[in-house]
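So you know, we letter chains A, B, ... as the sequences are listed, proteins then strands, and number each from 1. Because only heavy atoms are used, hydrogens play no part in the values below, and waters and symmetry mates are left out as well, while side chains stay in. It should be emphasised that the depicted structure is a prediction, and the values quoted were computed from it without experimental measurement.
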Amino acid sequence: MSSKKYILEMFPYPSGNIHMGHVRNYVIGDICARYHKLKGDQVIHPMGWDAFGLPAENAAIQFKTHPRDWTLSNIKNMKTQLQKLDLDLDWDREIATCNEDYYRHQQELFIDLYKAGLAYKKDALVNWDPVDQTVLANEQVIDGKGWRTGAQVEKKNLSQWFFKITHYAEELLNDLEKLKLWPDKVKTMQKNWIGKSIGAEIKFKIVDSDKYLNIFTTRPDTIYGATFIAVSINHPLVNEFLDEESVNKIKSEFSEVDDEKDKIGVDLKINCSHPILNKDLPVYVANFVLDNYGEGAIFGCPAHDERDYEFAKKYKLPIIKVIDCKDEDLPYSGDGEVINSEMLNGLSKNEAIKKVISYFTINQIGKEKINYKLRDWGVSRQRYWGCPIPVIYYEDGSYRVLEKSELPVLLPYDVNLESKGNSLLNLDKWRVIICPKTNKRAYRETDTLDTFVDSSWYYIRFLNNKLGKPFDTEQINDLLPVDKYIGGIEHAILHLLYSRFFMKALRDIYNLKVDEPFEQLFTQGMITHKTYKTSNGEWVMPKEVVLKDGQLLRNKTKELIEEGPCEKMSKSKKNVIEPDEILKSYGIDATRIFMISDSPPDRELEWTDEGIQSSKNLTNRIERYFSKEMTSADLDTEKKIEIFVYNIEKNILNFSLNKCIADIYTLFNYLERKKIYLNNSNLSNKILTCLFPIIPKLTISISKNLFKTDKYEKWPDINDDLLYEDRINLPIQIQGKMITTIETKKGYLEKDILKSIYQLDKIKNKIENKRILKVINVQDKIINIIIN
RNA sequence: GCGGACGUGGCGGAACUGGUAGACGCGCAGCGUUGAGGUCGCUGUGGGAUCAAAUCCUGUGGAAGUUCGAGUCUUCUCGUCCGCACCA
């Protein structure tokens, strides 16, 4: 039964060289792809380049070249390296996102998103990376630092383009359940990132003003315990009531707090009235209120929230208990009976929440509200080397998103990268145009799109990379989702969430029948290596280290080397192994075997010299085996080979590739021990066909010799009769403990087999003078004898 | 703090829906082939008792439970790794 299989590995950033992580990734995918081809499936297995991005700009400055030249030459080099890996890739589907032929279609998609209301522009407080001089998405800020530069991210108010990913928050969350073949870990990470919580939005009236302050809470049941209000320093209210100087003063005070968890605040000297009680609550600016969650404002209920409690203690604010608990348990945030709360007294938490929300709704001071942590995706980047956003601005500040007929907006080649910030800004001959529609002077958008936009739909473009429009609807419906998507876990949120959003957005715009881009996700583990250091802390590459008289020495200088723990291969720690060098000394087949042999593919793989050597020994052994003179094979051999075919197939389908290697050893151990050599028999062909996806080069060279062909045609069909094993070693237990086994035929009669079992010495000794209470016979599996 | 994954020999790891724990590999030890060995072949290898063997005991982080039977299921506990983290 042939079907369509789309097998995809995450495409690489063309940084210059292929590293071992790529090799592992692509070998895993390649084994799948080759297997499916042998099964007669119509396989799509493309490769391309995530070719826009900042490193190219930095490298261009450093090496006095151009981002485009640098990128294209890297692509050329890496393609040569990839081709040495014997990967069965559809190179005619190749794309590079920096090519006009890719990004012009992306500009079209941008226009469609805009028309659908899914792309919009707004002033927003954004994450500014001061080193890269660009805005970052929330997903690209880790621990308050830029994901690439590690620089402390600043907040800036800028007018930016956004994609409305929040429109799909609920669906992105719910559809995680449909992704049965995704790792739970990734799904949980996305779930937490989307961060749905159900609560209420409450309007607090600002005293002596006709304005209101909106606050989101998941605990409206504690409203009677509210004793203050706190807002984030970036809340609009702050700018309204304080001048810039005071705001800056507070900001610097906040940034001086050593421990980020220390709670400090400044009294804004304004009050809000309590929505139910007749009292006023003071409003503070507090450092612990997040501006990017909820409304950027909270009501403080010190008795039942740790942070509010700490804050109230510090600023001597009242603490009112409204959930029944012991005083020493304060702050208590658990469930309990509501007290001190007039209309809610005696209710449980959930009852109280329900009742108070309905009260708010009726009196129009609040309502039920579902809140998500997920924010809209800011896609503007103040960088040159990216996809131009197809928008122009007029002198009056208004803008126009271009028509599709005005595309493409080409990225100009001649730029001065040495200038500060985005070099497009200084390129007036590109930036300034006369709008063909209005004949007015206009300026092109100089921000470019986040490169994660490029990678959000590349798997679609692979389906037809030559089409004059972004994609063909029928083809998408026919060939998507990707059946197996293989890559690193580091994209668990960013790329994989954005791609899911894109698929859904395109579905809605174009009436596609696909909801999710990737049916199965497989995250491969990192490759690690021991680290080596000299006594003065200098990292040393593994190839420079030699073992002499039990001591590790640097081969050139004879310095003593300290061995450190196994860590992810990284340039900075120099614990890297270069694929090119390994290919030279061990060949591609041994390398492919080692990539999958020692650990399951989703776990870490430790690189060892012994490991690659034993992989090499295995390829030598296989080659040697098939060069021996043929001997005759018996039925048992045929059965063993049938089991081998069955296991290899099962293990490839499960991504248990390490077990495939074990299967290979098991088979050859058996054949060689019994001195059965198959030479150019059909059985050889069967074995070699199964080995072909794993070690294509070697198996082809063997088949040229034995069969005078360089092709393997078809994965062997399994003969179930040969898999069936008639004779078994039946384990016998007494009191559930293994005693011995007895050889027998399947389908034995219990009373017959028991007769022979009771004759066995080991059993006889144990049951003498005992009464047999019960015999449990799990037919063809085990017999357990219970005695008193 | 919240969430997730996991804990099996000297090491990497096998063990399908509970049914012979340690497949396979690495390492180690012994023997052999070879002028040589990043080679190859054979044998052994969870721990303990016994000169040795047959044999016996014990054994999947720890404690308890369910079951004829638990690495696998349940509860508690300890530990490791990863992700998120002042999320109102």
Side-chain angles (χ1 to χ4, degrees), chain A residues 142-144 183-193 195-197 199-200 215-220 222 230 232 259-263 286-290 292-301 304-308 310-311 333 371-374 489-490 492-493 585-586 593-594 597-600 602-606 608-618 620-621 624 647 650 654 656 658-669 672-673 728-741 761-762 765 773-778 780-787:
Chain A
I142 293 146
D143 281 340
D184 286 338
K185 185 182 174 139
V186 174
K187 288 192 273 188
T188 320
M189 281 164 77
Q190 292 209 354
K191 186 178 163 214
N192 292 341
W193 187 261
K196 179 180 182 175
S197 48
I215 286 180
F216 173 75
T217 177
T218 53
R219 293 296 303 273
T222 62
S232 132
D259 183 1
E260 279 187 4
K261 305 266 171 184
D262 264 0
K263 283 160 196 59
N287 67 338
F288 68 95
V289 181
L290 302 173
N292 54 2
Y293 183 78
E295 302 287 336
I298 60 154
F299 75 75
C301 176
H304 306 291
D305 181 283
E306 248 175 77
R307 296 151 301 178
D308 299 349
E310 199 185 311
F311 193 80
S333 55
N371 189 63
Y372 299 92
K373 266 173 28 178
L374 185 70
I489 187 113
E490 66 271 21
I493 295 175
S585 27
Y586 295 95
I593 287 176
F594 183 53
S597 62
D598 270 5
S599 316
D602 54 347
R603 274 195 237 172
E604 277 183 3
L605 172 69
E606 186 190 346
T608 59
D609 291 345
E610 292 86 357
I612 182 70
Q613 183 57 49
S614 75
S615 302
K616 181 67 191 169
N617 293 347
L618 179 60
N620 287 340
R621 184 175 167 190
R624 211 182 312 122
N647 282 337
K650 185 179 72 184
N654 285 335
S656 302
N658 54 323
K659 287 191 242 167
C660 288
I661 302 301
D663 295 333
I664 296 173
Y665 278 110
T666 308
L667 179 70
F668 283 97
N669 286 348
E672 290 186 335
R673 205 159 286 158
I728 48 164
N729 277 320
L730 186 71
I732 299 152
Q733 300 182 329
I734 292 179
Q735 316 291 65
K737 279 197 171 185
M738 240 300 279
I739 304 300
T740 185
T741 62
D761 287 343
K762 276 192 174 182
N765 294 339
L773 299 176
K774 197 167 156 193
V775 172
I776 289 149
N777 172 33
V778 183
D780 300 342
K781 277 254 166 98
I782 201 161
I783 284 188
N784 190 6
I785 300 165
I786 311 302
I787 55 181

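- Here B/G3 presents its C1' atom at 11 Å from NZ of A/Lys185, a figure rounded to the nearest Å.
- Taking every side-chain heavy atom of A/Thr217 into account, B/A88 is the closest of B/A88, B/C56, B/U20.
- Distances from the side chain of A/Pro600 to the nucleotides B/G69, B/C40, B/G13 place B/G13 closest.
- OP1 or OP2 of B/A88 lies within a sub-4.0 Å distance of a side-chain N or O belonging to A/Tyr293.
- Between the C1' atom of B/A70 and the NZ atom of A/Lys781 lies a distance of 15 Å, rounded to the nearest Å.
- Nucleic acid contact for A/Leu290: base, since at least one base atom lies under 4.0 Å from a heavy atom of the residue.
- For the pair A/Lys373/A/Tyr293, a side-chain contact is recorded, criterion being any heavy-atom separation below 4.5 Å from C-beta on.
- As the counterpart of B/U45, B/G27 is assigned, both hydrogen-bonding distances of the Watson-Crick or G-U wobble pattern falling under 3.5 Å.
- Across all strands shown, A/Phe216 has heavy atoms under 4.0 Å from base atoms, whether or not it also approaches the sugar-phosphate.
- Among the atoms of the strands shown, none is found under 4.0 Å from any heavy atom of A/Asp609.
- Comparing B/A5, B/G13, B/G41 by their nearest atom to the side chain of A/Arg624 picks out B/G41.
- Side-chain atoms of A/Asn669 lie closest to B/G25 of the nucleotides B/G25, B/G38, B/C87.
- The backbone N or O of A/Ser197 sits nowhere less than 3.5 Å from a side-chain atom of A/Asn371 that would complete a donor-acceptor pair.
- We find that CD1 of A/Ile782 is positioned 11 Å from P of B/A70, with the value rounded to whole Å.
- Projected onto RNA chain B by closest heavy-atom contact, A/Ala662 and A/Phe299 fall at different nucleotides, the more 5' of which corresponds to A/Ala662.
- Exactly one of A/Ile786, A/Ile785, A/Asn784 qualifies for a side-chain contact (heavy atoms from CB on, under 4.5 Å) with A/Lys774. That residue is A/Ile786.
- Shown here is A/Glu672, whose CD atom has more than 12 heavy atoms of other residues, nucleotides or ligands within 6.0 Å.
- Within 4.0 Å (heavy atoms only), A/Val289 reaches at least one base atom of the nucleic acid.
- Without hydrogens or angle criteria, A/Arg621 side chain to A/Tyr665 main chain gives no donor-acceptor distance under 3.5 Å.
- Among the atoms of the strands shown, none is found under 4.0 Å from any heavy atom of A/Asn620.
- Between B/U75 and B/A5, the distance separating the two P atoms is 14 Å to the nearest Å.
- As the counterpart of B/C6, B/G79 is assigned, both hydrogen-bonding distances of the Watson-Crick or G-U wobble pattern falling under 3.5 Å.
- If you take atom P in B/C68 and the same atom in B/C42, they sit 46 Å apart, rounded to whole Å.
- Between A/Arg307 and B/C87 there is a side-chain N or O to OP1 or OP2 distance below 4.0 Å.
- As judged by a 4.0 angstrom heavy-atom cut-off over every strand, A/Ser597 is placed among residues making no nucleic acid contact.
- Residue A/Asn777 contributes atom CG, which lies 12 Å from atom C1' of B/C68 at whole-angstrom precision.
- Looking only at side-chain heavy atoms (C-beta outward), A/Gln733 and A/Ile783 stay at 4.5 Å or farther from each other.
- Pair assignment for B/C51: none, as no Watson-Crick or G-U wobble contacts are both less than 3.5 Å.
- A/Lys650 comes within 4.0 angstrom of no nucleic acid atom, judged by non-hydrogen atoms across all strands.
- Here the separation of B/G37 from B/C28, taken at their P atoms, is 16 Å to the nearest Å.
- In this structure, the separation between OG1 on A/Thr222 and CZ on A/Phe299 is 4.0 Å, given to the nearest 0.5 Å.
- The partner of B/U34, taking Watson-Crick or G-U wobble pairs whose two distances both stay under 3.5 Å, does not exist in any strand shown.
- Among the atoms of the strands shown, none is found under 4.0 Å from any heavy atom of A/Lys187.
- Side chain of A/Asn287 to backbone of A/Asp262: a donor-acceptor contact under 3.5 angstrom is found.
- Base pairing of B/C84: its partner is B/G1, meeting the Watson-Crick or G-U wobble criterion (both donor-acceptor distances under 3.5 Å).
- Here A/Asn371 lies out of heavy-atom contact (under 4.0 Å) with every strand.
- Spacing between B/C81 and B/U55 at atom C1', rounded to whole Å, works out to 43 Å.
- In this entry the distance linking CG of A/Asn192 with C1' of B/G4 reads 9 Å, nearest Å.
- Counted within 6.0 Å of NZ on A/Lys187, heavy atoms from surrounding residues, nucleotides or ligands total more than 12; the atom is thus considered enclosed.
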### Full working for side-chain contact (heavy atoms from CB on, under 4.5 Å) between A/Ile298 and A/Asp308
CA-CA 9 Å; A/Ile298 60 154; A/Asp308 299 349; 3.6 Å; yes

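- Look at A/Arg603 and you'll find a side-chain N or O under 4.0 angstrom from OP1 or OP2 of B/G13.
- Looking at heavy-atom distances under 4.0 Å, A/Lys616 makes no contact with the nucleic acid at all.
- In this structure B/G69 sits in the anti conformation; its chi angle is more than 90° from 0.
- The side chain of A/Thr188 approaches B/G4 more closely than any other nucleotide in the set B/A88, B/G4, B/C68.
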Contact list (N/O, under 3.5 angstrom) for nucleotides 27-33 of chain B vs protein:
none

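- Phosphate contact (OP1/OP2 of B/A15, side-chain N/O of A/Lys659, threshold under 4.0 Å): present.
- Separating the P atom of B/A53 from that of B/G38 is a span of 34 Å, rounded to the nearest Å.
- Distance from the side chain of A/Ser614 is smallest to B/C26 among B/G41, B/C26, B/U58.
- In this entry B/G71 has no Watson-Crick or G-U wobble partner, no candidate having both defining distances under 3.5 Å.
- Looking at which nucleotide of RNA chain B each of A/Thr608 and A/Thr218 is closest to, the 5′-most match is held by A/Thr608.
- Within the 4.0 angstrom heavy-atom criterion, base atoms lie near A/Asn784.
- At the heavy-atom level, A/Pro183 lies nowhere under 4.0 Å from the strands shown.
- For a distance-only test at 3.5 Å, the side chain of A/Glu306 fails to qualify as a donor-acceptor partner of the base of B/G1.
- Rounded to an integer number of Å, the gap from A/Met189 CE to B/C82 C1' is 8 Å.
- With both ends at atom C1', the span from B/A23 to B/G12 equals 13 Å, rounded to whole Å.
- When the nucleotides B/G41, B/C24, B/A21 are ranked by their closest atom to the side chain of A/Thr666, B/C24 comes out on top.
- Atom CZ of A/Phe311 and atom C1' of B/A88 are 14 Å apart (whole Å).
- Comparing the same atom, C1', in B/G79 and in B/G61 gives a spacing of 7 Å after rounding to whole Å.
- Among the protein residues, A/Tyr372 comes within range of no part of the nucleic acid, since none of its heavy atoms lies under 4.0 Å from any strand.
- Rounded to whole Å, the distance from CG on A/Asn654 to P on B/C16 is 12 Å.
- Between B/G25, B/G13, B/G41, one nucleotide has an atom nearer to the side chain of A/Glu672 than all others, and that is B/G41.
- Here the separation of B/U34 from B/G25, taken at their P atoms, is 26 Å to the nearest Å.
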